[in-house]
Student: 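Sharing a structure with you now.
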Amino acid sequence: ACVPAIQAKCIKSVNDQWGVFARTKIELLPHQLWVCRQARKKNPCRLLVADDVGLGKTIEAGIILSAFMSSGRIRRLLILTPAALAEQWQQRMYDMFDIRLFRYMSELDTPKSAFWQATNMVVASIDTLRLDYHGRQKRLLASDPWDLVIVDEAHHLNCDPKQGPTLGYNFIQTLLKNDKIGSMIFFTGTPHKGKNFSFLSLMKLLDNEAFDQKGTLAEHLNILKNYMIRNNKYNVTDLR
């Protein structure tokens, strides 16, 4: 009966060393800390976090960022979200973890502003950046690589065998082909929408060699566990 309490104390002891508890203003849950532990084990980190809806994926992102920043693993960070969520991510990272992100606005990104060279911690709408208006992608690709790229609602990075990839999918591919991404973490509550090709295409962005879009899901199960985390609501508990 005392095992969960002992585990909780061990978790807290280890994570105190990461600076997570000192930075956050909320009570963290074991599954969130475990996600952070898995992310810390990989360098570079290529990971799909596919926890059930409502389990705090934004909080998990903040924990990971706090740990990575405390250990000096990241200097340049790019968080890509749906347009409606960019401001929310900026506010929550500041309120919960004291992480200060600069929100991308297209009017600030001009040929003379050197936005991408001057800004290292950015949250941006992927709906905006995927559209290459007025040379914005060229300016982005001319800047330094990102130590970590986080994509929220990553299931929108879709690739259909008949219709081809979405603009968002192409945008991430462009960053990868130009060596602009070190670590990359996808967050989504709906990783698999019933189409194996689309799901394996998403995983292929994380590791181009490990995943084959033409293969079956069964053929990838052994390696999938190295790239994907999925916590279910019925397994979640608190530190007590």
Side-chain angles (χ1 to χ4, degrees), residues 7-82 85-104 116 118-126 144-154 180-189 206 226-231 235-240:
Q7 290 176 331
K9 290 180 180 179
C10 290
I11 290 171
K12 188 175 189 303
S13 175
V14 171
N15 285 280
D16 277 341
Q17 299 176 31
W18 304 347
V20 173
F21 285 97
R23 295 173 69 99
T24 186
K25 301 174 184 178
I26 59 174
E27 181 179 355
L28 305 178
L29 300 176
H31 76 277
Q32 296 166 342
L33 299 172
W34 183 76
V35 169
C36 180
R37 179 177 181 273
Q38 297 304 104
R40 281 174 53 90
K41 288 165 60 177
K42 304 174 184 295
N43 193 11
C45 177
R46 296 293 178 91
L47 193 63
L48 170 65
V49 180
D51 286 1
D52 280 348
V53 175
L55 293 189
K57 288 184 287 295
T58 308
I59 294 173
E60 290 168 347
I63 299 170
I64 292 170
L65 291 179
S66 294
F68 279 20
M69 291 168 66
S70 295
S71 62
R73 277 185 59 171
I74 58 173
R75 181 182 68 89
R76 282 176 59 80
L77 164 71
L78 176 62
I79 299 178
L80 300 170
T81 79
L85 299 179
E87 184 175 0
Q88 177 180 306
W89 266 82
Q90 181 188 36
Q91 195 63 45
R92 295 190 76 186
M93 288 300 103
Y94 176 72
D95 291 342
M96 295 180 180
F97 298 95
D98 198 28
I99 295 174
R100 307 184 183 207
L101 303 173
F102 199 98
R103 184 155 52 96
Y104 177 86
W116 295 111
T119 313
N120 289 324
M121 306 283 284
V122 181
V123 58
S125 160
I126 192 170
D144 291 339
W146 301 97
D147 300 313
L148 173 62
V149 171
I150 288 177
V151 182
D152 189 26
E153 302 292 338
K180 294 301 177 180
I181 298 177
S183 295
M184 182 161 61
I185 304 177
F186 293 159
F187 287 90
T188 175
L206 294 175
N226 297 321
Y227 294 88
M228 179 176 173
I229 294 175
R230 183 164 178 82
N231 289 302
N235 285 330
V236 170
T237 183
D238 61 28
L239 284 179
R240 289 176 295 278

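For this chain, numbers begin at 1 and follow the sequence in order.
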Student: When you measure from the side chain of Ser71 to the backbone of Phe68, do you find a donor-acceptor pair of N or O atoms at a distance under 3.5 Å?
Tutor: yes
Student: Is there a donor-acceptor pair under 3.5 Å between the side chain of Arg73 and the backbone N or O of Leu148?
Tutor: no
Student: List for me each residue that meets side-chain hydrogen bond (donor to acceptor under 3.5 Å, both in side chains) alongside Gln38, sequence neighbours excluded, and say none if there are none.
Tutor: none
Student: Backbone N or O of Asp147 within a donor-acceptor pair of the Arg75 side chain at under 3.5 Å?
Tutor: no
Student: Do Trp146 and Ile74 pass the side-chain contact (heavy atoms from CB on, under 4.5 Å) test, and can you show the C-alpha distance, the side-chain angles, and the key distance before you say yes or no?
Tutor: CA-CA 8 Å; Trp146 301 97; Ile74 58 173; over 6 Å; no
Student: Take Trp116 and Leu78 through the side-chain contact (heavy atoms from CB on, under 4.5 Å) test and state the conclusion after the steps.
Tutor: CA-CA 10 Å; Trp116 295 111; Leu78 176 62; 4.2 Å; yes
Student: Return the minimal non-hydrogen interatomic distance between Leu48 and Thr188, and the atom names on each side.
Tutor: CD1-CG2, 3.6 Å
Student: Under a 4.5 Å cut-off applied to non-hydrogen side-chain atoms, are Asp144 and Asn120 in contact?
Tutor: no
Student: Does any part of the side chain of Val35, heavy atoms only, come nearer than 4.5 Å to the side chain of Ile63, both counted from C-beta?
Tutor: no
Student: Under 3.5 Å, is there a donor-acceptor pair between the side chain of Lys57 and the main chain of Val49?
Tutor: no
Student: Pair Ile229, Trp34 - check side-chain contact (heavy atoms from CB on, under 4.5 Å), show working.
Tutor: CA-CA 10 Å; Ile229 294 175; Trp34 183 76; 3.5 Å; yes
Student: Between Pro145 and Arg76, which heavy-atom pair has the shortest distance, and what is it?
Tutor: O-NE, 3.2 Å
Student: Are Thr81 and Glu153 packed together at the side-chain level, in the sense that at least one heavy-atom pair is separated by less than 4.5 angstrom?
Tutor: no
Student: Considering only heavy atoms from C-beta outward, does the side chain of Gln90 approach that of Ile79 to under 4.5 Å?
Tutor: no
Student: According to side-chain hydrogen bond (donor to acceptor under 3.5 Å, both in side chains), who are the partners of Asp152, at least two apart in sequence or on a separate chain?
Tutor: Trp89
Student: I need the minimum non-hydrogen distance between Ser66 and Ile99, along with the two atoms involved.
Tutor: OG-CD1, 4.0 Å
Student: Using the ring-ring contact (aromatic ring centres under 6.0 Å, His included) criterion, which residues pair with Tyr227? Sequence neighbours excluded.
Tutor: Phe211
Student: Testing the basics here: between Leu65 and Met93, what is the closest heavy-atom pair and its distance to 0.1 Å?
Tutor: CD1-SD, 4.0 Å
Student: Test your reading of the model: is there a side-chain donor-acceptor pair from Arg37 to the backbone of Gln32, 3.5 Å cut-off?
Tutor: no
Student: Hey, is the main chain of Ser183 close enough, under 3.5 Å, to the side chain of Lys42 for a donor-acceptor pair?
Tutor: no
